[in-house]
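Inspection log for the structure reproduced underneath, given as structure tokens.
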Amino acid sequence: MRNKIIAGNWKMYKSNPEATKLVKEILNEVKNISKTGIIVCPPFTALNIVSDTVKNSNIKVGAQNIYWEKSGAYTGEISGEMILSTGATYVIIGHSERRQLFGETDATVNKKIKTALQIGLKPIVCFGETLEQREAGVTKELIGQQIELAFKGLNKTEASKLIIAYEPVWAIGTGKTATPEQAQDVHAFIRDELGIIYGTELASKMIIQYGGSVKPGNAKELLSCKDIDGALVGGACLEASSFAEIIKIAENI
Ligand code: PGA
């Protein structure tokens, strides 16, 4: 059985004092959670204080991006080692906002995954289709291709360390959620694809999160689907009460 993992993507929100306040509130709400994995992904600037605040608790910390070079003259970029030195152990890679606004491609996602794994960070890798792609009926073809290119050259041991997030672009920050049937359909497809590449045994153990307007009100029906192993939450993770409620729903399924 796969335990669920709920991750919160704080995006470009929360100054350091706000981040400290939020994570303390979350800590307080999730003290009794034992089965469900919890990850918070604050901005780079707050990784250190958030990691210090959650030390020895059931909350893990992740960054929202990574650069693939180890060090060098790359003004404004952050390396894996820098992330690891803050106490963070996860990193979101290939979020659709990075792909749409900052020119990330499946090829850069592939480099970032390899760099993260080399340094010992666990990647949360995002895939998803736009509304136009869904309406054109190419969702699965596109996601199959994203997976193939992003995971190029990764062996089974490396693949076993990944978390995958299916995030339909049209559902992110829009209040529109994929129906449980739509989400389950793509999640099952992703697991099948992983099975083809890495074998069904490993594929059956891999965590595939759903992301896109997940809230306390829709979390139960989404998280109850057979192949949905958790959520990558944006908007609803910025309030401790709604984030904790989603975690509690996951814990009780
Ligand atoms: P949302 O964001 O929950 O606000 O739609 C999800 C995400 O971008 O990961």
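Whatever order the structure lists them in is the order used to number ligands and atoms, beginning at 1.
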Practice prompt. Mind checking whether C237 contacts ligand 1 via backbone (N, CA, C, O), side chain (CB onward), both or neither, at a 4.0 Å heavy-atom cut-off?
Written response: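 Answer for C237: neither.
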Item to complete: Between N9 and ligand 1, find which residue part has any heavy-atom pair under 4.0 Å and reply side chain, backbone, both or neither.
Response: side chain
Practice prompt. Take every heavy atom of A236, measure it against each atom of ligand 1, and state whether any distance is under 4.0 Å.
Written response: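 It does not, in that no heavy atom of A236 comes within the 4.0 Å cut-off of ligand 1.
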Discussion item. Could you check whether any heavy atom of S213 sits closer than 4.0 Å to an atom of ligand 1, since that is the contact criterion I want to use?
Written reply: yes
Item to complete: Give the numbers and elements of all ligand 1 atoms closer than 4.0 Å to a heavy atom of A171.
Response: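 Taking each heavy atom of A171 in turn, ligand 1 has 5 (O) under 4.0 Å.
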Worksheet item: Which ligand 1 atoms, with their elements, are less than 4.0 angstrom from a heavy-atom of G212?
Response: 5 (O)
Worksheet item: If you look at every heavy atom in V30 and I247, which pair is closest and at what distance?
Response: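 Taking V30 first and I247 second, the nearest heavy atoms are CG1-CD1, 3.9 Å.
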Is any side-chain heavy atom of [Y] closer than 4.5 Å to one of [X]?
X	Y	result
F151	E158	no
L232	Y166	no
I78	I83	yes
Q100	T130	yes
Q146	E129	no

Worksheet item: Do any N/O atoms on G173 end up under 3.5 angstrom from N/O atoms on ligand 1?
Response: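 Yes: some nitrogen or oxygen of G173 is under 3.5 Å from one in ligand 1.
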Item to complete: Flag H95 as yes when one of its N or O atoms lies below 3.5 Å from any N or O atom of ligand 1, and as no otherwise.
Response: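 It does: an N or O of H95 is found under 3.5 Å from an N or O of ligand 1.
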Discussion item. Under 4.0 Å between a side-chain nitrogen and a carboxylate oxygen: does that hold for K248 and E29?
Written reply: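 Looking at K248 and E29, the cut-off is met.
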Worksheet item: Of the protein's non-hydrogen atoms, which lies at the shortest distance from atom 4 (O) of ligand 1, and what is that distance?
Response: G235 N, 2.8 Å
Worksheet entry | Which residue and heavy atom of the protein sit nearest atom 6 (C) of ligand 1, plus the separation | G234 N, 3.5 Å
Discussion item. Judged on heavy-atom distance to atom 2 (O) of ligand 1, which of K11, E167, Q209 sits nearest?
Written reply: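 Heavy atom nearest to atom 2 (O) of ligand 1 belongs to K11.
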Fill in: Any donor-acceptor N/O pair, N252 side chain to K220 backbone, under 3.5 Å
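No; zero donor-acceptor contacts below 3.5 Å.
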